[in-house]
Amino acid sequence: MIKCVYPGSFDPVTSGHLDVITRAAAMFDNIIVAVLVNKNKTPAFSVEQRMDFIRRSTAHLPGVQVDSFSGLLVDYMKRQNANLVIRGLRALSDFEYEFQMAAMNAKLAKDVETIFLMTDINHSFLSSSMVKELAYHGGDISGLVPDQIKNDVMNKYRG
Ligand code: PNS
């Protein structure tokens with residue numbers, strides 16, 4: 001059985017992430033969207049907020065579960081009995097980092113495969129950092145993050 005994990009920082013989840021989740025949910029019965037808890041980084045949104053944002057954005061999608069993990073992804077995959085990693089690819093510039101990560105994960109755990117979904121062309125420029133930058137400067141983030149979380153993201157940066 002295929003059990004897949006879509007890992008990421010999701011700080012916050014964007015419309016590009018949601019596009020990948022939506023398309024993966026159409027292909028696989030069960031997907032765990034796994035938020036990385038990274039002690040070396042200070043995220044803009046807490047892990048609970050990030051998970052809540054993803055839950056609210058994916059409530060309409062059957063088979064999507066939201067979880068968090070720390071440590072190595074392959075160890076989390078083992079604990080979940082999962083064998084497939086899903087990642088989105090926006091542009092050629094993503095490729096080198098993604099290729100390295102997939103190769104390292106494959107070396108660490110032979111039964112773990114990574115598949116890449118090309119992000120919708122309309123979202124190829126989009127990143128969580130871009131969304132935060134825009135929100136910080138009072139720009140319009142409509143369409144860049146799921147509608148369900150737009151106000152929460154904006155509110156964080158409103159004075
Ligand atoms: O959304 P991001 O920040 O591009 O996601 C990166 C993520 C979370 C997938 C990656 O950093 C990760 O898996 N981190 C956990 C540690 C790990 O297993 N690293 C890869 C092998 S060294």
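Count residues from 1 along the sequence. Numbering of ligands and ligand atoms starts at 1, following listing order.
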Review point. Using 4.0 Å as the upper bound for N to carboxylate O, is an ion pair formed by Asp75 and Arg79?
Key: no
Review point. What protein heavy atom sits nearest atom 22 (S) of ligand 1, and how far off is it?
Key: Met104 CG, 3.9 Å
**Study point:** Test of proximity, Val74 against ligand 1: N or O pairs below 3.5 Å
**Key:** no
Practice item. Would you mind checking if Asp152 and Arg56 are paired as a salt bridge, meaning a charged N to carboxylate O distance below 4.0 Å? Key: yes
Review point. So, Lys39 versus Ser70: side-chain donor-acceptor pair below 3.5 Å or not?
Key: no
Review point. Considering only heavy atoms from C-beta outward, does the side chain of Lys132 approach that of Asp11 to under 4.5 Å?
Key: yes
Check your understanding: Quick one: nearest non-hydrogen protein atom to atom 4 (O) of ligand 1, plus distance?
Key -> Arg87 NH2, 2.9 Å
**Study point:** Test side chain to side chain contact (heavy atoms under 4.5 Å, CB included) applied to Ile115 and Phe28, step by step
**Key:** CA-CA 12 Å; Ile115 62 161; Phe28 303 106; 3.8 Å; yes
Point to revise | Test item, Tyr97 contacting ligand 1 (heavy atom, 4.0 angstrom) | key: yes
Review point. Which bit of Leu36 is near ligand 1, meaning a heavy atom under 4.0 Å away: side chain, backbone, both or neither?
Key: side chain
Exercise for review: Report yes if some N/O of Glu98 lies less than 3.5 Å from some N/O of ligand 1; otherwise report no.
Suggested key: no
Point to revise | Leu134 and Val131: CA distance, side-chain angles, deciding distance, side chain to side chain contact (heavy atoms under 4.5 Å, CB included) verdict | key: CA-CA 5 Å; Leu134 203 56; Val131 165; 5.8 Å; no
Check your understanding: Are any of the N/O atoms in Ser9 less than 3.5 Å from those in ligand 1?
Key -> yes
Point to revise | Numbering as shown, the atoms of ligand 1 that approach Asn105 to under 4.0 Å (heavy-atom distance) | key: 20 (C), 21 (C)
Check your understanding: Out of Leu73, Thr114, Val5, Val37, who gets a non-hydrogen atom closest to atom 13 (O) of ligand 1?
Key -> Leu73
Review point. Are Phe10 and Phe53 near enough that their ring centres are under 6.0 Å apart?
Key: no
**Study point:** Leu73 with Ile54, same ILVMFWY side-chain cluster at under 4.5 Å
**Key:** no
Review point. Atoms of ligand 1 less than 4.0 Å from Gly71 heavy atoms?
Key: 15 (C), 16 (C)
Point to revise | Nearest candidate to atom 17 (C) of ligand 1, where distance is taken over non-hydrogen atoms, out of Val35, Asn38, Val85, Leu72 | key: Leu72
Point to revise | Protein contact to atom 10 (C) of ligand 1 [nearest heavy atom, distance to 0.1 Å] | key: Met101 SD, 3.7 Å
